[in-house]
Amino acid sequence: MANNILEMHSITKTFPGVKALSDVNFKVEEGEIHCLIGENGAGKSTLMKVLSGVYPYGEYEGDIVYQGKVQQFNKISDSVEVGIAIIYQELALFPDLSVYENIYIGNEVKKGSVINWNQTIVKAKAMLNKVNLKVNPEVLIKDLGVGKQQLVEIAKALSKDVKLLILDEPTAALNEDDSENLLELIKQLKKQGISCIMISHKLKEVVAIADKATVLRDGQTICTLDANKGEINERTIIKHMVGREINDIYPKRPEKKIGDTVLELVNWSAYDSQLGRDVVKEASLTLRKGEIIGLAGLMGSGRTELALSIFGNPKNYKLRGDLALNGQPRKFKHTSEAIKAGIAYVTEDRKGNGLFLLQNITNNVSAAKLSGISNNGIINDNEEIKVAEYYKESLHIKASSIEQHVGKLSGGNQQKVSLGKWLFVGPNILILDEPTRGIDVGAKFEIYSVMNKLIEQGLSIIMISSELGEVLGMSDRVYVMAEGRIKGELAAAEADQEKIMELATQ
Amino acid sequence: MKIINEAIDLVKENIRDYGMYIALFIIMFTFNLMTNGMFMSSRNISNLLDSAGYIAVLAVGMTLVIVIRHIDLSVGYVAGFLGAIAAMLLMQQGLPVYIVIPIILVLGLVVGLFNGFLIAQLGIPAFVASLAGMLIFRGALLQVTEGTGTIIVQNASFNALGNGFIPSLAQISERHLLTLIVGLIGIIFYFYGEFKTRHDKKKYNFEVVSNSIFVLKLVFVSAIIGYITWILAGYNGFSWTVVIVLLVTMVYHFISNRTVLGRQIYAVGSNPEAAHLSGINVKKITYLVMASMSMLATLSGILYTARLQSATTTAGMLFELDAIAAAYVGGVSSAGGVGKVTGAIIGAIVMASLTNGMNLLGVGISYQYMIRGGVLAGAVIFDVITRKKGK
Ligand SMILES: Nc1ncnc2c1ncn2[C@@H]1O[C@H](COP(=O)(O)OP(=O)(O)OP(=O)(O)O)[C@@H](O)[C@H]1O
Ligand SMILES: [Mg+2]
């Protein structure tokens, strides 16, 4: 019988007002890749935080048996010491420090109490080799793409002699190429005897990589599936995750009533004076009423910059070219003017610049349209509560109440709050930047359904997405961007993965 | 028993909000015991509140400044300098009070807009910008008082702002009548507000606290308002300082809790970038908050000058630190987006009570500083711990 490196017995963890985990059992065999899956708010991140000592011994009930011994971690460094490393949903690197400093931070290469920097760099190079990352260890983290940053995180974990590596949605922010790289790396590590727990909402990856998969739902273990028994396929996983069968990932499109052009860009360029270059170059695009256009491309291809330059230009780019709304040339001096003109932008980085994490759901939902809950500048609290309750219901936001601080919601539910905030604005043009990043299949389906409903009501949507499946499944037309330029436009009927990737990597 | 449980739950859930009130209660109660009732005597309470006034108005403004993640170190000398200007206009130019005060307040506004320009427009860190302001106004204060030395203010209506009391109309059984009436009106307004809120909540079918808790709260709060009014009525009644502080508190409380502007201020403090993307004009908010701060600093300067009946060369020294301390004791957070105006007032009263009580007990000045420092640290520790546990 194979050895279990980890057994978690009857883990229960409660927060004020929510039981995040109840009686969860979870076992990982030595040297396997074990995926942890479940809907948003199912408790996956919480279980991993219990395991790694973020929630110390005593704050949860149940036992953690690791390498045959019952462990009582009082702090994160206790779990690190026995070889458990966790890479969080949100990256925890220092952007202004170099790669090598990041790898060895908290674990410095020292002689006495003096750091040996040369030695550090040498060792860091070795670690970078292990993760197949060819960068100079002296470059700053902020100058690397997200994919490479992710690899640095893993190098950092490896530097601590890790035996059990935990990855919380590692590929959520990665494009397909980077994701594949990462999965390849995880398989390599497995050959070296490192066990791995991976949380992911991308079921394709789970199918490709998992030896086992444990499904959580509402804080409970539903089952553990085994690849050797042929149990790991998308249908089975989805069935266990949501408790019912979902046949189509993308809901049926309503009958299309595409109308006149609502937004038109002609030779639109945006110059970023901090970077000293054009981040958007001579882009031309049209968006019609009742239409979803997909904006595909690699990370850093200028899609977010394009969206920001339309949405009131908060980054103060120098803009050239023409923007017309409903045929009228427009210039927005501030985001508030764009919002007034009926444009809404749901950011890709919901924690960084999308939400007010220390405020409750209520205040977040109303933040972009305070006029909708006030009279002559005076807030009507009750109206506001009603609005928040409405979006909590209609978007199925899982929270103990609308009073809950948004920072304490699970990732997917934060995304829904963000969406609710912008729907409340009542826009004509909705720009969604990576709308389903980190969202479970059930919720994705819900968000797609909401999008379709909005289209039916005559909205127009620009969807920026790195998930090709979603771009193909939802868009009427696809624009592909690379290096700030729109490289091509594809109609839904002619678009496929190869054509998009070809344009994106031109 | 159900009421008691519900009450305990309510306090536990809102321990951050109630913590300060409980602390203030304990401090006052303890001092009162130790001074054999002298602390809560009419005369002392009246004196205590007056001495807290000019810091309290600063603390209100400072709370909002800290909420939007800035700081204003210049407020002390702005208060000192503009207080001196007020004294000069009154005494040397012979202008009447009702002209001097608006002029001074507008000057304060201009100073604040300039701070806003440095911080919002040029992006200079508030700490540095206001440190520069502090030095400049310190110099300016010395400059204007250099020739004259201390400027004595001989203007009864101006000095009344710091020392005077509202007229009594009549005394009933040794109590100040108008004060009692004002207190009563206060209680009536409080009742009205609470009943209206509850009624509205019910109209929307939202959850409300049980009837008995509601009544308990009404009785409790009106008893406190009543008690304080009663005490003050036993001496000279409400002072003009207290009236001004109450007005400032009400206006700022209303703005920060009930208006779009207030929401925008807290949104900017919570996450400036998200606020910008939500269509909120972050620069405008910064201007407004800095301008309001300097205007309150001016008001503080007026109160202080009136209280001393003179403008001195050292007026305003260390006010900024007292105001910052009061704001932090009142629960503001330097991480931004958190902090209440009412908290700042309580914070100012807590700090003033400590000074006042320790003076009554004859505690040496060296120990006084240490104890006040300890209380400040304790308040912030309490805040940090309870925040971790919150919702
Ligand atoms: N610090 C906290 N305080 C209160 N509730 C919390 C806290 N952290 C998590 N929760 C709640 O616990 C539940 C589980 O959250 P968790 O983050 O583990 O979900 P998840 O499975 O990782 O979801 P996602 O896929 O969206 O990341 C959610 O209902 C969440 O709101
Ligand atoms: Mg999670």
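So you know, we letter chains A, B, ... as the sequences are listed, proteins then strands, and number each from 1.
To the nearest 0.5 Å, atoms CD1 (Ile280(B)) and OG1 (Thr335(A)) are separated by 8.5 Å. Expressed to the nearest 0.5 Å, how far OH of Tyr204(B) lies from CD1 of Ile385(A) amounts to 9.5 Å. Taking CD1 of Ile378(A) as the reference point, atom CD1 of Ile255(B) lies at 10.0 Å (rounded to 0.5 Å). Distance CG/Asn382(A) to NE2/His199(B): 10.5 Å, rounded to 0.5 Å. Atom-to-atom distance recorded for Asn257(B):CG and Asp381(A):CG is 8.0 Å, nearest 0.5 angstrom. Remark: Asn363(A) CG to Ser270(B) OG distance equals 8.5 Å, nearest 0.5 Å.
Side-chain contact check for Leu308(A) versus Leu277(B): some heavy-atom pair is nearer than 4.5 Å.
Judged by distance alone, the side chain of Asn271(B) and the main-chain N or O of Gly354(A) form no donor-acceptor pair under 3.5 Å.
Screening residues 259-283 of chain B for salt bridge (Lys or Arg N to Asp or Glu O under 4.0 Å), with sequence neighbours left out, gives Glu384(A)-Arg263(B).
Of the atoms belonging to Glu383(A), heavy atoms from both backbone and side chain fall under 4.5 Å from chain B. For Ser400(A), no part sits under 4.5 Å from any heavy atom of chain B, backbone or side chain. With a threshold of 4.5 angstrom between heavy atoms, Lys340(A) does not approach chain B through any atom at all. For a residue to count as touching a neighbouring chain, one of its non-hydrogen atoms must lie under 4.5 Å from one of that chain's; by this rule Tyr266(B) touches chain A with backbone and side chain alike. Neither the backbone nor the side chain of Lys333(A) comes within contact range of chain B; no heavy atom of the residue lies under 4.5 Å from a heavy atom of that chain.
Between chain A and the residues Ala267(B), Ala274(B), Gly336(B), Pro272(B), the largest count of heavy-atom pairs under 4.5 Å involves Ala274(B). Options Ala275(B), Gly337(B), Gly262(B) differ in how many heavy-atom pairs under 4.5 Å they form with chain A, and the most are formed by Ala275(B).
Residue-environment remark: OH (Tyr190(B)) exceeds the threshold of 12 foreign heavy atoms within 6.0 Å. Residue Tyr271(A) qualifies as enclosed at atom OH: its count of foreign heavy atoms under 6.0 Å is above 12. A 6.0 Å sphere centred on CZ of Phe15(A) holds more than 12 heavy atoms belonging to other residues, nucleotides or ligands. For Tyr57(A), the OH atom sits in a loose shell: 12 or fewer heavy atoms of surrounding residues, nucleotides or ligands are nearer than 6.0 Å.
Residues of residues 364-376 of chain A having a heavy atom under 4.5 Å from any heavy atom of chain B, listed by number: Ser366(A), Ala367(A), Ala368(A), Leu370(A), Ile373(A), Ser374(A).
Scanning both residues, Trp422(A) and Ser278(B), for their nearest heavy atoms gives CH2-CA, 3.9 Å. Closest approach of His276(B) and Pro314(A) over heavy atoms only: CE1-O, 3.5 Å.
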